[in-house]
**Q** 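My questions will all concern the structure given below.
Every value quoted in this text rests on a predicted model; they were computed, and no experiment measured them. By convention in this document, chain letters (A, B, ...) are assigned in the order of the sequence lines, proteins followed by strands, and residues within each chain are numbered from 1.
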There are 2 protein chains.
Amino acid sequence: MSLPQIRRGRRSAGDHSREAILAAARKLFAEKGFEGTSLRQVAREAAVDPAMVHHFFKGKDELFASSVELPADPAEVLAGVEMMDPSVRAEAIVRAVLTLWEGPAQHGLVAFARGTIGSKAKSGMMREVVSRAILSRVMAGVSGPDEQVLLRGNLVASQTVGLILARYVIRLDPLASASQDDVVRLVAPTIQRYITGDLDSLK
Amino acid sequence: MSLPQIRRGRRSAGDHSREAILAAARKLFAEKGFEGTSLRQVAREAAVDPAMVHHFFKGKDELFASSVELPADPAEVLAGVEMMDPSVRAEAIVRAVLTLWEGPAQHGLVAFARGTIGSKAKSGMMREVVSRAILSRVMAGVSGPDEQVLLRGNLVASQTVGLILARYVIRLDPLASASQDDVVRLVAPTIQRYITGDLDSLK
DNA sequence: CTTTTAATTCATCACCTGGTGAATTAGTGG
DNA sequence: CCACTAATTCACCAGGTGATGAATTAAAAG
């Protein structure tokens, strides 16, 4: 009695295992972080042989990078922001952030946050992304000494990262369930002060 | 020729392996997160047999909890804060946070942050600590409808968590290397606004 | 001094990890 | 139709994982 074996070889067209693997990876990395997720778990979640993961990606690191890298293009998300006058930029920034994080990229973004904060080795990745890809755009055209502009950027980042963490990762209520408009009204003034406000104590 | 074997049995007094294990655990959890750290690595770092870890702690979870739980007592740290008038509380809060995170508890705290943010399962722990142990004290005596006070507390948390992450975990410069006084002057106003300021849009 | 208790080491378990190489099958280009 | 390439499965490997139980030794308690 030959049991119905799983046939080897190429599937009949229409399968997209690669995408399934990426989706599964995003989901698991988002839930359990980088170290907490195994290739086999990913394969299982994607209903795929573990070896496929290696077929499509060189290893766990590349899988992480691919599944998580640019879950959204910063340039695109911040397109509008960059050319607004710095003095009224905050609201647009907060809105862009919220819209992005509430969209389809959420899984990938949370995965990125968890994986990247979870270990010293990967924190560098976060630092790079935040400062190069994001802050440079957010702070474009802000006047003042370089050092001061960098500090302002760091402060913007601190409030933004904190907001994201509280709302999407840690999920503090009622912040997590507040409306987008409320959040904008509540935190945009903080951001605006960091960008152009009088910080009165900057050496 | 009997090689000098490592003697079994109890060490001659003065050894404190338990403490060594906890210190090693704090260090490694801080660097590599919960999943990224193995019991054997901890044992190696502590120069101790792996089985000792099980002797002193039931398992990895208990080790994590013990090494990281209350790296500092919130009640103590926030002792002064609680009884200040809410309208001038912000500066004290920021100063307390910075002092705490720059003290000997830093390793444990970073470990807590990394381990706790790194996975969904452990995020609950962070939520509990933040809301019960910390926010309840920080927001003690603030007037207004419950829901609104909670929201204010969440906002305080968002800025505080963001500051900690940017300064101690991600290490964004120049924020990471700014003086304690500068940081206080820069972010205390934000916190103060969240505690007692006019948020003008609270439903 | 003797009994009890605690600290330490060792050998071992079953399992999971990331990774490799080959065999098998299907679609594709010529 | 045939050669080629890519997708898929399988059978492994060496090593690390958390965990357990027993043996050994010293300190503490009586």
**Q** Whole angstrom is fine here: how far is it from CD1 in B:Ile21 over to C1' in C:dT9?
**A** 13 Å
**Q** Step by step, would you call A:Arg152 with A:Ile195 a side-chain contact (heavy atoms from CB on, under 4.5 Å)?
**A** CA-CA 6 Å; A:Arg152 286 179 182 275; A:Ile195 299 179; 5.7 Å; no
**Q** Rounded off to whole Å, could you give me the CG-to-P distance for the B:Leu28 and D:dG18 pair?
**A** 12 Å
**Q** Looking at B:Lys32 and A:Glu35, does any basic side-chain N land under 4.0 Å from a carboxylate oxygen?
**A** no
**Q** Find the distance B:Arg18:CZ to D:dA27:P and express it as a whole number of Å.
**A** 20 Å
**Q** Using a 4.0 Å cut-off on protein heavy atoms (strictly under), produce a 5'-to-3' string for nucleotides 15-21 of chain C with B for base contact, S for backbone-only sugar-phosphate contact, and - for none.
**A** --BBBB-
**Q** Check whether any side-chain heavy atom of B:Asp173 sits under 4.5 Å from a side-chain heavy atom of A:Leu150, and report yes or no.
**A** no
**Q** Any non-hydrogen side-chain atom of B:Leu22 less than 4.5 Å from a side-chain atom of B:Ser67?
**A** yes
**Q** Nearest whole Å is fine: how far is D:dT25 C1' from B:Met52 CE?
**A** 13 Å
**Q** Can you tell me the distance, in whole Å, between the NE2 atom of A:His55 and the C1' atom of D:dC10?
**A** 15 Å
**Q** Looking at A:Arg167 and A:Glu102, does any basic side-chain N land under 4.0 Å from a carboxylate oxygen?
**A** yes
**Q** To the nearest angstrom, how far is B:Phe57 atom CZ from D:dG18 atom C1'?
**A** 16 Å
**Q** If the plane angle is over 60° it's perpendicular, under 30° parallel, otherwise tilted; pick one for B:Phe29 and B:Phe64.
**A** perpendicular
